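Take a look at the structure set out below.
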Amino acid sequence: MNTSHFKTKLLEEKETLERELLTVGRRNPDTPGDWQPTPPPIDVQWADPSEVAEEVEEFEGRNAVETELEERLNEITDALTRIESNTYGTCTVCNEPIEEARLEANPAATTCMAHLNG
Ligand SMILES: [Zn+2]
């Protein structure tokens with residue numbers, strides 16, 4: 001299998017995800033590879049309650065998006081690790097090669113079509 005093709009796709013998606021993550025979060029300074037949603041910028045103790053409610057709502061929205069992006073980024077990072085260790089493109093359930101069409105659709109796939117929901 002031509003893993004360099006999928007590696008390019010993975011690296012491109014990783015770059016896009018990291019760019020998107022920077023709009024809703026920031027890198028956790030204590031844990032490399034971990035991201036945190038950007039906290040509300042206002043001091044909740046002194047601010048107008050309606051303003052606080054708005055900020056909290058916005059923060060929760062950012063939090064949800066951040067979690068989703070981070071999960072996908074982790075999948076991409078794992079796939080890149082598998083490329084480096086030559087285990088890329090193997091189904092984690094049956095150990096058979098994953099269909100190239102499936103990898104084309106999702107280069108971070110860890111299962112073949114048969115074990116899609118497994
Ligand atoms: Zn399988």
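Each ligand, and each atom within it, is numbered from 1 in the order the structure gives. These numbers were taken from a predicted model, which means no experiment stands behind them.
- By the neighbour-count criterion of 12 heavy atoms within 6.0 Å, atom CD of Glu18 is densely surrounded, having more than that number from other residues, nucleotides or ligands.
- Arg72 has no carboxylate O lying under 4.0 Å from a charged side-chain N of Glu68, or vice versa, which leaves the two without a salt bridge.
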> What do the steps show when you test Glu96 against His115 for side-chain hydrogen bond (donor to acceptor under 3.5 Å, both in side chains), and what is the final call?
Replying inline: CA-CA 10 Å; Glu96 294 293 323; His115 299 112; over 6 Å; no
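- Among all heavy-atom pairs drawn from Phe6 and Ile83, the shortest one is C-CD1, 4.4 Å.
- Atom-to-atom distance recorded for Glu99:CD and Leu116:CG is 9.5 Å, nearest 0.5 angstrom.
- Counting only protein atoms, the N, O or S atoms lying less than 2.8 Å from the Zn ion (ligand 1) are Cys91 SG, Cys94 SG, Cys112 SG, His115 ND1, ordered by chain and residue number.
- Between Glu75 and Lys14 there is no salt bridge, since none of the side-chain N atoms of the basic residue sits less than 4.0 Å from a carboxylate O of the acidic one.
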